[in-house]
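Before any comments, here is the structure.
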Amino acid sequence: MRKFCRLLLCAVLFASCVKAPQETSTSTTTSGGTSTAVSGGPVRIGFSMDTLKEERWQRDKQLVEKHAKDVGAVLDIQVANGDDAVQTQQAENMLAKGDQVLIVAPHNGVIAASIVDAAHRKGVPVIAYDRLIRDSDVDLYISHQVEKIGELQAEYALKHVPKGNYVLIGGSPTDFNALLLRKGQMNVLKPAIARGDIKIISDQFAREWKAEEALRITEDALTRTGNKIAAIVASNDGTAGGAISALEAAGLAGKVLVTGQDAQKDAMQRIVKGTQTMTIFKPIKPLADNAVDAAIKLARKQPVNATDKINNGKKDVPSILLQPVAVDKSNVDVTIKDGYHTHADVYGQ
Ligand code: BGC
């Protein structure tokens, strides 16, 4: 009867219902275990993070912690600092400790498939957080509309600088987001390239999303073109910062359009100052809240309402994809109204 109701609920919501995996291993579940989750006790959530390097990930951590506390879940957070072996080991430890559901922000979206396999052998569901886990049976993906972010960045650039030399700076190639962003950017830029309006004079990915890599790519592009760059489509604020350092050294900061993503504090200040042109604001609270709420439901074997989907190479992963917002000098205040930043954060003291 409960199963029937669940199916009915899915049909009514027109949503794909995500069901937790069945345990396939013979190993015993440790302390508390799935039964506690099923019976409605506190759920043990493991949150495996790649990094806290960018300001946004510190927010993700705090907000997941806060929401888990508010709803009475037990949270176990581990940060791998960009090391795949460490992230895999940390996830294994979470499973050994009896975490009943994993939320994983993978460093490497391909390697993290092994975390999904290990979790599923114990009947533990896995949510890919912000970054997709590829070629795996991952249960749910919660993120923003990443391809759309790439489109917003390129649309903004093309609208304001419709002609000239463009530099594309992608993120880490091991992060599927970097590839989705580039896809979105190219969706928009291709016709302008075909018309000969813009010329892509550099098209690279910054390893580990490093600002130093973006700086190097920009310096190289400036040298090769004799400083003739019209726009830099940087995939996030960290790489935008690196590109802007190179522009500053060449006396070109503020004269070349630079995109970004994350609406992090230093980028907001650069936008006000005029050295960065735009960023993409991705509210983190709904991401964190949705992840914790969905984790609890999956652990309790309850359906999750996920209306989007994205293919990860193995399947269409049920997804919850939130809306990004383009921000430039004209609307920096949206981040203040939202409570994401204070007025002093954006405008300086
Ligand atoms: C996230 C960005 C972040 C980048 C570097 C991406 O996967 O979506 O918000 O800036 O990783 O950490």
Side-chain angles (χ1 to χ4, degrees), residues 47-64 79-84 87 103-112 127-134 138 141-153 168-185 204-214 232-244 258-268 270 276 278-288 290-291 310 312 317 319-327 335 340-341:
F47 184 22
S48 164
M49 302 187 72
D50 161 29
T51 180
L52 293 177
K53 186 166 65 106
E54 287 82 8
E55 179 187 302
R56 64 145 297 175
W57 297 114
Q58 293 157 30
R59 285 179 192 270
D60 292 84
K61 180 172 178 286
Q62 280 159 14
L63 290 165
V64 166
V79 184
N81 295 320
D83 187 323
D84 294 310
Q87 187 161 37
I103 301 173
V104 181
H107 170 254
N108 182 313
V110 173
I111 293 175
I127 298 173
Y129 184 88
D130 192 84
R131 301 170 173 174
L132 191 57
I133 300 178
R134 301 175 72 182
V138 64
Y141 175 50
I142 302 187
S143 187
H144 289 84
Q145 297 170 2
V146 181
E147 191 173 329
K148 167 126 184 255
I149 293 172
E151 289 173 354
L152 289 173
Q153 292 166 330
L168 307 184
I169 306 179
S172 168
T174 63
D175 174 356
F176 194 53
N177 283 348
L179 310 184
L180 284 175
L181 289 164
R182 176 55 52 82
K183 183 163 183 274
Q185 291 159 2
Q204 296 185 50
F205 288 84
R207 270 182 304 124
E208 304 294 334
W209 292 94
K210 277 191 180 156
E212 305 92 271
E213 288 267 306
I232 301 178
V233 181
S235 289
N236 77 343
D237 289 339
T239 51
I244 291 163
V258 182
T259 69
Q261 172 193 188
D262 286 339
Q264 68 186 32
K265 189 172 138 184
D266 60 356
M268 299 308 293
R270 288 193 297 258
Q276 182 169 332
M278 65 89 74
T279 186
I280 302 288
F281 174 40
K282 304 191 297 187
I284 303 296
K285 187 170 165 23
L287 194 67
N290 265 295
I310 184 163
N312 74 346
V317 182
S319 307
I320 299 171
L321 301 178
L322 308 167
Q323 288 275 349
V325 181
V327 170
T335 64
Y340 199 79
H341 287 304

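Read the numbers this way: they start at 1 and go in the same order the structure lists the ligands and their atoms. Please read these numbers as outputs of a predicted model, since none were measured by experiment.
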Looking only at protein heavy atoms, which one is nearest to [atom], and what is the separation?
atom	answer
atom 4 (C) of ligand 1	Trp209 CE2, 3.5 Å
atom 1 (C) of ligand 1	Asp130 OD2, 3.2 Å
atom 3 (C) of ligand 1	Asp262 OD2, 3.6 Å
atom 7 (O) of ligand 1	Asp175 OD2, 2.6 Å

Quick one: do the [X] and [Y] side chains pair a donor with an acceptor below 3.5 Å?
X	Y	value
Arg182	Gln185	yes
Asn312	Tyr141	no
Asp175	Trp209	yes

Minimum heavy-atom distance [X]-[Y], with the two atoms named:
X	Y	value
Thr279	Asp262	OG1-N, 3.4 Å
His107	Arg131	CA-NH1, 4.0 Å
Val138	Ile127	CG2-C, 4.4 Å

Side chain, backbone, both or neither: which part of [X] has a heavy atom under 4.0 Å from ligand 1?
X	answer
Lys53	neither
Asp237	neither
His144	neither

Which residue, Leu132, Ile133, Val110, forms the side-chain contact (heavy atoms from CB on, under 4.5 Å) with Phe176?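 Between Phe176 and the candidates, side-chain contact (heavy atoms from CB on, under 4.5 Å) is satisfied uniquely by Leu132.
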Going by the order shown, which atoms of ligand 1 are within less than 4.0 Å of some heavy atom of Arg131?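 In order of number, 4 (C), 5 (C), 6 (C), 7 (O), 11 (O), 12 (O).
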Which ligand 1 atoms, with their elements, are less than 4.0 angstrom from a heavy-atom of Lys282?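 Ligand 1 atoms under the 4.0 Å threshold to Lys282: 1 (C), 2 (C), 8 (O), 9 (O).
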I'd like to check whether Thr51 has a polar contact with ligand 1, where a contact means an N/O of the residue lying under 3.5 Å from an N/O of the ligand.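 Not met; the criterion fails.
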